[in-house]
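Heads up: the structure comes next, in structure tokens.
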Amino acid sequence: MLLDLKSVQKRFGGVTALRDGNLSVREGEVHLLMGENGAGKSTLMKIVAGMQGLDDGQMLFRGQPVNFANPKAAAASGIAMVHQESLLASHLTVGENIFLGREEMSGFGIVNRSAMMSRAAKLIEAHGFPLQAHWRVDRLSPAGRQLVEICRAIANGTSLLIFDEPTSSLSESETKEVFTIVKKLKEKGAGVIYITHRLEELRTIGDRVTVLRDGATVHSGDLKDLSRSQLIQHMVGRDLGALYSRQPYPAGKPLLEVKNLNRAKILKDINLTLRSGEIVGLAGLMGAGRTELCRAIFGIDAADSGELIVDGKPVKLTSPRDAVNAGIALIPEDRQKTGLATQLSVGWNLTLTSLGAHSRFGILESAKLTATEKKFIDRLRIKTDGPAQKSVRLSGGNQQKIVIAKWVAQGARIFLFDEPTRGIDVGAKTEVFEVMDGLARDGAAILMVSSELTELIQVADRILVMRQGKLSGELPGRTTQEEIMALAAFEEETQS
């Protein structure tokens, strides 16, 4: 046994984050840690990684009681954690970040940058990552930053590596490389704790699974003995049949028409229609142009040619402001970076897009602001201590609800959802789907981009498929993953 946690408890003031955390990890195994946001997964792992101390219970590492004072102490014992949100120094290079705090030194106490960068380059090359040691981190994509985090964690060797949703922002090829790293660590006898919400990943790498709910361990055992529906039931506390299932209904008039839209070599002759009351799915492989299409419709990236018609009237969208004025809203893929002002309160985020409606003679009216904040916190069931709580403190699902709510408050009628459930748990996904369905029933038109094909099949009235910047076909909502992939990956064959 490498790690053994027994009845671990952790409190923050009057809030109990963990009341009975139990987890054991053996050498040479990949142990999956599952649970909804707020279940206590991150808190438990921060205790293991030395970022927080436990209040009660026991943690044994290699049979010895431990309670690490800081991450450095945990690292000295061979424990490292790859975080979901980047903790890198963005102004430094990839190589400097990999060895930050443990730099190569010369005999005169000076950093041996050449040796350090050479070592970083060899590490990157050994794993086939699309990185260069001299690249600045602030110019990397979220996927690139995640790969640097992984390099940093494995650089000096570990006996226990914790992955906190490492593939949430990675492409399919990058995800496979992460799986390769995990398997190599396992073969070398290391223990791996792997946190994920992506159920399709489980059987690929997992050996055993532990499920947390409401701060307590509710199940632990071999993954092979657990069905998907049983796993979900452990996570959310209710049967799979009680989870979200959307019933389609007739669509209304067209709210958005895109005609012959082109942009550089990214978007090619796009034609689509979104109608009142419907949710249209948008599928495609990484790089197919789905996000780029949303950005072009929202006015972030200017189209080279084409026409947009909103509610029967041609419009020219040269900026996001034009799109907002036309009633279009974008719920972006990266809510932390481009969807929220994370250091502002829940209340401010809810009303940022509609301040004009809450002011008189240029002065904000606090009573109106308070009423709107309360209205949308209640309407979307946002779990928060109140409007004054910082948005960064909320779970991913509740942050996503805020991003949606601010556009509803602004009066949007056309919604572009780009990966709306990325990084949120099963229960929170259901709540987001319910919000989307409510918007559609109120007459909104929705375009939903998702890499989760099962979600598109479950939620969408019809599904558009993109391939290499083009729309390669349209399918009914109740289709199959095989039919979607045939259009996404093999356009030529399906048309021949």
Side-chain angles (χ1 to χ4, degrees), residues 130 141-143 169-174 254-275 278-310 312-320 322-323 326 328-334 338 414-420 422 445-453 455-457 460-477 479 481-496:
S141 66
S169 61
L170 302 188
S171 68
E172 184 178 356
S173 61
E174 290 164 338
L255 290 186
L256 174 68
E257 296 173 77
V258 178
K259 296 186 176 182
N260 304 314
L261 184 69
N262 292 274
R263 180 174 182 270
K265 297 181 180 180
I266 301 171
L267 300 174
K268 306 167 187 175
D269 201 28
I270 302 294
N271 291 272
L272 63 85
T273 300
L274 303 181
R275 296 179 176 86
E278 73 172 347
I279 298 177
V280 177
L282 185 59
L285 301 178
M286 186 70 66
R290 298 167 301 166
T291 293
E292 290 78 5
L293 176 57
C294 290
R295 288 173 60 92
I297 293 174
F298 196 61
I300 298 174
D301 301 324
D304 297 330
S305 62
E307 186 180 18
L308 294 179
I309 299 174
V310 175
K313 300 177 181 178
V315 296
K316 187 172 180 61
L317 307 181
T318 60
S319 69
D322 293 336
I328 302 174
L330 173 64
I331 291 81
E333 180 180 15
D334 189 341
T338 55
I414 301 165
F415 291 83
L416 312 174
F417 283 83
D418 193 358
E419 301 285 2
R422 172 163 289 174
I446 294 174
L447 182 67
M448 174 186 170
V449 175
S450 180
S451 299
E452 306 283 347
L453 300 187
E455 292 183 4
L456 291 177
I457 294 168
D461 297 303
R462 52 191 175 94
I463 300 171
L464 304 175
V465 184
M466 289 192 72
R467 182 181 183 273
Q468 296 181 355
K470 300 178 181 179
L471 285 176
S472 56
E474 179 177 328
L475 297 165
T479 186
Q481 295 187 51
E482 290 76 14
E483 288 180 313
I484 295 174
M485 287 305 298
L487 288 171
F490 305 107
E491 181 182 8
E492 290 84 355
E493 286 83 347
T494 58
Q495 290 185 353
S496 61

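Sequential numbering from 1 along the given sequence is applied to the chain's residues.
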Only residue of Leu464, Leu282, Leu261 satisfying side-chain contact (heavy atoms from CB on, under 4.5 Å) with Leu272 is Leu464
Do Asp461 and Val280 have side-chain heavy atoms sitting under 4.5 Å apart? no
Please find the pair of heavy atoms, one from Met448 and one from Pro420, that lie closest to each other, and give the distance. CG-CG, 4.2 Å
Rounded at 0.5 Å granularity, tell me how far CG in Leu447 sits from CD in Glu278. 9.5 Å
Which atom of Asn271 lies closest to which atom of Lys259, heavy atoms considered: OD1-CA, 3.3 Å
Trace of the side chain to side chain contact (heavy atoms under 4.5 Å, CB included) decision for Ile331 with Leu416: CA-CA 6 Å; Ile331 291 81; Leu416 312 174; over 6 Å; no
Determine, for Asp304 against Arg263, whether the closest basic-nitrogen to carboxylate-oxygen distance falls under 4.0 angstrom. no
Would you mind reporting whether Cys294 and Val449 have side-chain heavy atoms less than 4.5 Å apart? yes
Please name the pair of heavy atoms, one in Leu456 and one in Ala283, separated by the smallest distance, quoted to 0.1 Å. CD1-CB, 3.6 Å
Test side chain to side chain contact (heavy atoms under 4.5 Å, CB included) applied to Arg275 and Arg462, step by step: CA-CA 11 Å; Arg275 296 179 176 86; Arg462 52 191 175 94; 3.4 Å; yes
Can you give me the closest heavy-atom contact between Gly281 and Ala460, atom names plus distance? N-CB, 3.5 Å
Which value, rounded to the nearest 0.5 Å, describes the distance between Ile457 atom CD1 and Glu483 atom CD? 8.5 Å
I would like to know whether Leu487 and Leu475 meet side chain to side chain contact (heavy atoms under 4.5 Å, CB included); could you show each step before the answer? CA-CA 10 Å; Leu487 288 171; Leu475 297 165; 3.8 Å; yes
Nearest-0.5 Å distance, CG of residue Leu267 to CE of residue Met466: 5.5 Å
For a quick test of reading the model, state the closest non-hydrogen atom pair linking Ile446 to Phe417 and the distance between them. CG2-CD1, 3.6 Å
Is there a donor-acceptor pair closer than 3.5 Å between any side-chain N or O of Asn262 and the backbone N or O of Asp269? yes
For Thr318 and Asp322, what are the C-alpha separation, side-chain angles and deciding distance, and is it a side chain to side chain donor-acceptor pair (under 3.5 Å)? CA-CA 6 Å; Thr318 60; Asp322 293 336; 2.6 Å; yes
From CA spacing to verdict: side chain to side chain contact (heavy atoms under 4.5 Å, CB included), Leu256, Thr273: CA-CA 6 Å; Leu256 174 68; Thr273 300; over 6 Å; no
Name the one of Leu317, Ile414, Leu274, Leu255 that satisfies side-chain contact (heavy atoms from CB on, under 4.5 Å) with Val310? Ile414
If you round to the nearest 0.5 Å, how far is CD of Glu257 from CG of Leu308? 10.0 Å
Do Glu419 and Pro332 touch side chain to side chain, with heavy atoms closer than 4.5 Å? no
If every non-hydrogen atom of Ser472 is compared with every non-hydrogen atom of Ala488, which pair is closest and at what distance? OG-N, 4.5 Å
Look up atom CD in Glu333 and atom OG1 in Thr291, then write down how far apart they are to the nearest 0.5 Å. 4.5 Å
Side-chain heavy-atom pair Val465, Leu471 within 4.5 angstrom cut-off: no
If you round to the nearest 0.5 Å, how far is CG of Leu330 from OG1 of Thr338? 7.5 Å
Holding to salt bridge (charged side-chain N to carboxylate O under 4.0 Å, His left out), I want the full list of residues that pass it with Glu307, two or more places apart in sequence or in another chain. none
